[in-house]
Amino acid sequence: RGGRGGPPAGGVSRGRHRIRGRSPHFQPHHRPRGATATLTRVETVELEGRRLGERYRLESPIASGGMATVWRGTDEVLGRPVAVKVLHEDLANDPEVMERFRIEAIAAARLSHPSVVRVFDTGVDGDICYIVMELFEGTSLSEVLDRDGGLPPSEAARVVRGALQGLAHAHREGVVHRDVKPSNILVDESGLVKVTDFGIAKAAFAAHDITTTGSLLGTATYLAPEQVEGGTVDGRADLYAAGIVLYEALTGRPPFQADTHLATATMRLTTAPTPPGALRPGIPRSLEGVVIRALARAPEDRFQTAEEMTSE
């Protein structure tokens with residue numbers, strides 16, 4: 001999905017569901033979409049109806065992105081609907097990626113919070129590596145921004161605050177998301193916000209150079225500077241990404257845009273973002289200040305915890 005990332009793992013599109021409206025005078029900023037993996041007819045025929053781990057029945061594909069395809073399924077043991085994320089074949093064929101995928105999924109399964117999509121199980125069935133998650137009937141923030149272009153400041157802040165509550169819980173449990181982006185933030189009809197795909201990026205990115213692996217570059221827009229430079233990553237990288245999400249929710253566009261994924265990623269190393277208020281008048285100064293601090297190049301100059309960012 002271009003810069004906004006891949007499919008809403010664990011989330012089901014609800015069509016025209018709106019996130020509490022958008023400013024009536026605000027015009028969407030439409031960006032060209034990048035390459036996104038699509039689910040082929042062959043993949044559908046091969047996997048539809050397949051039973052994984054002698055328990056999880058794949059029913060219908062929900063969406064497909066650079067790393068995996070998400071299926072609606074049924075846990076036949078507990079008799080409940082689930083979302084099943086199936087790793088793409090090129091990644092599943094790499095033993096190192098599969099092992100990291102398993103380890104990260106187990107770490108994510110420790111998370112239990114209203115703002116986090118639960119991970120129930122992970123496994124390998126033949127040549128298929130998969131994660132079983134809570135099926136959350138919501139819409140990704142990516143879909144909302146693609147359609148509406150932006151949100152009223154109060155609603156943008158509310159959605160990102162909900163995501164930060166999930167991130168705060170994860171960070172307390174020692175889990176860093178590493179791939180916070182609009183497609184990994186889901187909102188349902190009641191306004192409940194959940195974050196999904198914890199740790200999955202770590203399993204995939206660790207084996208690939210982001211400058212050369214096109215299938216993984218859809219998230220270059222949201223990488224923190226230390227991720228671009230290959231440095232040490234902690235929860236403050238997630239807060240940087242949350243700042244970019246908030247910037248985009250407020251203005252309809254991300255702060256850094258260039259002709260290539262690599263140029264977009266490296267742009268944040270040398271260029272300061274345009275203040276959101278310069279692109280969209282009416283954004284409260286206090287909210288703009290949160291964005292600017294979250295996007296500080298040096299981790300020590302940002303918010304140090306998700307709780308601190310939420311309190312601002």
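When a residue number appears, it is its place in the shown sequence, counting from 1.
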**OP:** Check whether more than 12 heavy atoms from other residues, nucleotides or ligands sit under 6.0 Å from atom CD of Q304, and answer yes or no.
**Re:**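 Enclosed.
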**OP:** Determine whether more than 12 heavy atoms belonging to other residues, nucleotides or ligands lie under 6.0 Å from atom CD of E300.
**Re:**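 Enclosed: over 12 neighbouring heavy atoms sit under 6.0 Å from CD of E300.
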Subject >> Donor-acceptor pair between E143 and S140 side chains, under 3.5 angstrom >> reply: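 A donor-acceptor contact under 3.5 Å links the two side chains.
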Do [X] and [Y] have side chains that approach each other closer than 4.5 Å (heavy atoms only, starting at C-beta)?
X: L167; Y: Q165; value: no
X: F198; Y: V119; value: no
X: T139; Y: V187; value: no
X: V82; Y: M133; value: no
X: T122; Y: I106; value: yes
X: L52; Y: I128; value: yes

Original post:
Hydrophobic clusters join Ile, Leu, Val, Met, Phe, Trp and Tyr when side-chain heavy atoms are under 4.5 Å apart, directly or via other members; which others share one with V77?
Top reply: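 Result for V77 is L78.
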Original post:
Out of R302, R236, R297, R268, which one pairs with E226 under the salt bridge (charged side-chain N to carboxylate O under 4.0 Å, His left out) rule?
Top reply: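 Only one of R302, R236, R297, R268 forms a salt bridge (charged side-chain N to carboxylate O under 4.0 Å, His left out) with E226, namely R302.
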**OP:** Could you walk me through whether R172 and E307 pass salt bridge (charged side-chain N to carboxylate O under 4.0 Å, His left out), step by step?
**Re:** CA-CA 10 Å; R172 287 193 297 269; E307 291 92 343; 2.6 Å; yes
Spell out, as yes or no, whether a donor-acceptor pair under 3.5 Å connects the side chain of [X] to the backbone of [Y].
X: H169; Y: V116; result: no
X: D301; Y: A296; result: no
X: D75; Y: G79; result: no
X: R57; Y: G73; result: no
X: Y247; Y: T274; result: yes
X: R158; Y: G191; result: yes
X: H88; Y: D90; result: no

NZ or CZ of [X] within 45° of [Y] ring axis and under 6.0 Å:
X: R80; Y: F120; result: yes
X: K194; Y: F136; result: yes
X: R293; Y: F303; result: yes

**OP:** Output all residues satisfying ring pair (Phe, Tyr, Trp, His ring centres under 6.0 Å) with H171, sequence neighbours left out; order by chain, then residue number.
**Re:**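 Scan of H171 (ring pair (Phe, Tyr, Trp, His ring centres under 6.0 Å), adjacent residues dropped) gives none.
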In plain terms, say whether [X] and [Y] are close enough for a salt bridge, that is, a side-chain N and a carboxylate O under 4.0 Å apart.
X: R51; Y: D125; result: no
X: K85; Y: D197; result: yes
X: E248; Y: R253; result: no

**OP:** May I ask whether I244 and I292 are part of the same hydrophobic cluster, defined by side-chain heavy atoms of I, L, V, M, F, W, Y residues being less than 4.5 angstrom apart, directly or through others?
**Re:**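 No: no chain of side-chain contacts under 4.5 Å links I244 to I292.
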Original post:
How many angstroms lie between atom OG1 of T264 and atom CG of D259, to the nearest 0.5 angstrom?
Top reply: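 CG of D259 is found 8.0 Å from OG1 of T264.
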Original post:
What's the verdict on salt bridge (charged side-chain N to carboxylate O under 4.0 Å, His left out) for R161 and E312, showing C-alpha distance, side-chain angles and the deciding distance?
Top reply: CA-CA 10 Å; R161 186 178 298 114; E312 288 294 308; over 6 Å; no
**OP:** Check step by step if salt bridge (charged side-chain N to carboxylate O under 4.0 Å, His left out) holds for R102 and E99.
**Re:** CA-CA 5 Å; R102 184 188 68 82; E99 179 61 13; 2.7 Å; yes
Subject >> L58: which of T69, L47, T74 passes side chain to side chain contact (heavy atoms under 4.5 Å, CB included) >> reply: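 The single option meeting the side chain to side chain contact (heavy atoms under 4.5 Å, CB included) with L58 is L47.
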